[in-house]
Every structure is written in C-alpha cells, then in structure tokens.
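As structure tokens, the structure follows; a few thoughts come after it.
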Amino acid sequence: MDYRMVKEVHKRVKTSTKVLKKAMIVLCVLFLLTGIMMDRGMMFLALLTAGLYFLYDAYVIKDYEYVMEGNTFTVTVIYGKRRRKEVHELDLKNMEVVAPNWHGAVAKYRLNGGTEKLRKYDYTSYEPDIPYYTMIIMEDRKKIKLLLDLEDDMLSAMKRMYPQKVFVQN
C-alpha cells in the first residue's frame with residue numbers, strides 16, 4: 001500500500017502557562033523601566049527575563065505530528081512552532097494493540113490497576129472533547145505505551161492492515 005497520512009496535534013496551552021508568560025512580560029517591562037529611570041543594573045534583569053521568556057516559549061509550547069506511511073508510524077515533536085524533533089519511528093508490524101484508553105484490550109497497561117508497567121509517552125492535545133487512543137508497540141526490543149489523538153482515517157487504515165489488533169471507538 002502506497003499512502004501517507006499526516007495528522008498534526010496542537011497541544012492545549014494551560015491557563016498557568018498563559019499567566020506565567022504574561023507575568024514574564026510585565027516583569028521585563030518593569031525591570032526595563034526601572035533600569036531607565038533609576039538603576040542601570042535593572043536592565044540586566046530585563047534582558048534575563050526576556051531571554052527566559054523566549055526559552056520558555058521555545059521549549060514548553062509543543063505540538064505533535066503523526067505520520068503513517070505504509071507500515072511505518074512516526075511521531076515528531078514540534079517545539080515552539082519552529083523546531084522539529086522526530087522522537088519515534090515505529091514499525092506497525094511490531095504493534096500489539098491500538099484501542100481507546102478505556103477499552104479492555106489496554107486495561108492491563110493502565111496506570112492505576114494495570115498489571116504491566118510500561119514507559120509511557122503522551123502525545124495528546126489534552127482537549128477534553130477529543131478521545132485519545134493507547135498504542136502498545138515494540139521499540140528497540142522494548143514494549144512502550146503511546147497515548148495518541150488518532151483520526152478516523154488513520155485508525156481505519158490500521159484496522160484494515162491489522163484487524164485483530166485495532167479497536168475503534170463506537
């Protein structure tokens with residue numbers, strides 16, 4: 001099968017993140033004004049606060065991109081809407097299961113009450129109205145757990161390839 005499906009997931013920005021960014025801007029302006037009017041040493045604090053703001057913006061604001069091409073599933077993290085880093089390139093032949101987070105097929109991998117503990121990677125949007133799926137798959141000879149916001153077309157393509165391993169939400 002020759003196809004390529006791409007899904008971009010925008011992670012919801014928390015209220016505390018918005019408040020912190022505004023506080024950094026206000027502090028930067030206050031330090032700058034204080035530096036101009038009273039003590040030039042305060043301008044250094046304004047420069048540090050501005051630098052922290054840009055670092056915070058570059059590393060805390062994240063989006064995710066899922067690419068499914070044939071039997072390869074790739075997850076890329078996009079930092080600050082500028083820098084991209086591919087974090088997983090997975091072979092779907094090594095997939096154990098894909099199911100909604102509440103489904104019985106992934107019950108043994110749940111945080112509370114599950115019998116198997118796996119390394120978890122969360123690549124969801126944190127939007128309350130978007131259901132997320134749990135994928136259990138082998139990576140570098142270790143079983144991992146991915147939390148993903150998968151689209152219906154990507155799920156149906158996986159279901160066609162691996163009908164006994166993929167469970168969709170009704």
Side-chain angles (χ1 to χ4, degrees), residues 1-21 52-170:
M1 291 182 218
D2 277 345
Y3 57 86
R4 178 180 168 92
M5 292 185 207
V6 178
K7 164 132 171 98
E8 192 166 321
V9 176
H10 301 286
K11 186 174 175 183
R12 186 176 84 185
V13 178
K14 296 178 184 175
T15 307
S16 60
T17 300
K18 293 177 186 176
V19 170
L20 186 59
K21 285 178 77 171
L52 282 175
Y53 175 84
F54 287 110
L55 282 174
Y56 184 80
D57 191 46
Y59 288 101
V60 172
I61 308 299
K62 295 181 202 170
D63 291 330
Y64 310 113
E65 182 181 73
Y66 316 142
V67 177
M68 190 168 113
E69 192 168 6
N71 280 330
T72 305
F73 187 81
T74 307
V75 179
T76 304
V77 179
I78 305 165
Y79 294 99
K81 305 208 184 295
R82 292 181 284 274
R83 202 170 57 97
R84 304 169 64 86
K85 181 181 179 188
E86 187 177 291
V87 289
H88 298 285
E89 185 172 337
L90 306 164
D91 188 355
L92 291 177
K93 293 174 189 169
N94 298 327
M95 177 177 61
E96 184 175 309
V97 66
V98 172
N101 65 311
W102 48 263
H103 197 275
V106 293
K108 66 181 177 180
Y109 303 109
R110 286 200 189 107
L111 182 61
N112 297 327
T115 57
E116 285 193 47
K117 304 293 182 209
L118 299 178
R119 183 162 185 153
K120 179 183 86 169
Y121 299 95
D122 190 348
Y123 302 115
T124 59
S125 63
Y126 291 101
E127 292 293 338
D129 58 334
I130 297 177
Y132 65 92
Y133 286 79
T134 301
M135 176 187 281
I136 308 299
I137 193 164
M138 295 292 284
E139 179 182 48
D140 298 329
R141 288 181 253 162
K142 292 181 184 175
K143 201 182 290 189
I144 61 169
K145 173 180 171 180
L146 299 173
L147 303 180
L148 306 164
D149 290 346
L150 295 172
E151 287 183 335
D152 291 336
D153 57 347
M154 206 175 273
L155 278 167
S156 60
M158 284 182 193
K159 181 84 171 156
R160 277 192 304 274
M161 291 189 306
Y162 307 102
Q164 63 277 54
K165 296 180 179 182
V166 179
F167 301 92
V168 293
Q169 187 167 327
N170 296 334

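- Partner Glu65 forms a salt bridge (Lys or Arg N to Asp or Glu O under 4.0 Å) with one of Arg84, Lys7, Lys85 and no other, that one being Arg84.
- In plain terms, the two heavy atoms of Pro100 and Phe167 that are nearest each other are CD-O, 3.3 Å.
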Would Asp149 and Ser125 satisfy side-chain hydrogen bond (donor to acceptor under 3.5 Å, both in side chains), going step by step from the backbone distance to the final call? CA-CA 7 Å; Asp149 290 346; Ser125 63; 2.8 Å; yes
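- Counting only heavy atoms from C-beta outward, the side chains of Glu116 and Lys143 approach each other to under 4.5 Å.
- Considering all non-hydrogen atoms of both residues, Met161 and Asn71 come closest at SD-OD1, 3.5 Å.
- Separating the CD1 atom in Ile136 from the NZ atom in Lys165 is a distance of 12.5 Å, to the nearest 0.5 Å.
- When all heavy atoms of Leu92 and Gly70 are compared, the pair lying nearest together is CD1-O, 4.3 Å.
- Interatomic distance, Leu148 CG to Asp122 CG, rounded to the nearest 0.5 Å: 8.5 Å.
- The side chain to side chain donor-acceptor pair (under 3.5 Å) with Tyr109 is formed by just one residue from the set Glu96, Lys117, Lys145, Lys120; it is Glu96.
- When the options Met95, Met135, Glu139 are evaluated for a side chain to side chain contact (heavy atoms under 4.5 Å, CB included) with Leu146, the one that passes is Met135.
- Annotation: the span from Asp140 atom CG to Asn94 atom CG amounts to 10.5 Å, rounded to 0.5 Å.
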Before you tell me yes or no, could you show the steps for Tyr123 and His88 under ring pair (Phe, Tyr, Trp, His ring centres under 6.0 Å), namely the whole-Å CA-CA distance, both residues' side-chain angles and the distance that decides it to 0.1 Å? CA-CA 11 Å; Tyr123 302 115; His88 298 285; 5.5 Å; yes
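- Note: His10 and Tyr64 fail the aromatic proximity criterion, with ring centroids not under 6.0 Å apart.
- In this structure, CD1 on Ile137 lies 12.0 Å from NZ on Lys93, to the nearest 0.5 angstrom.
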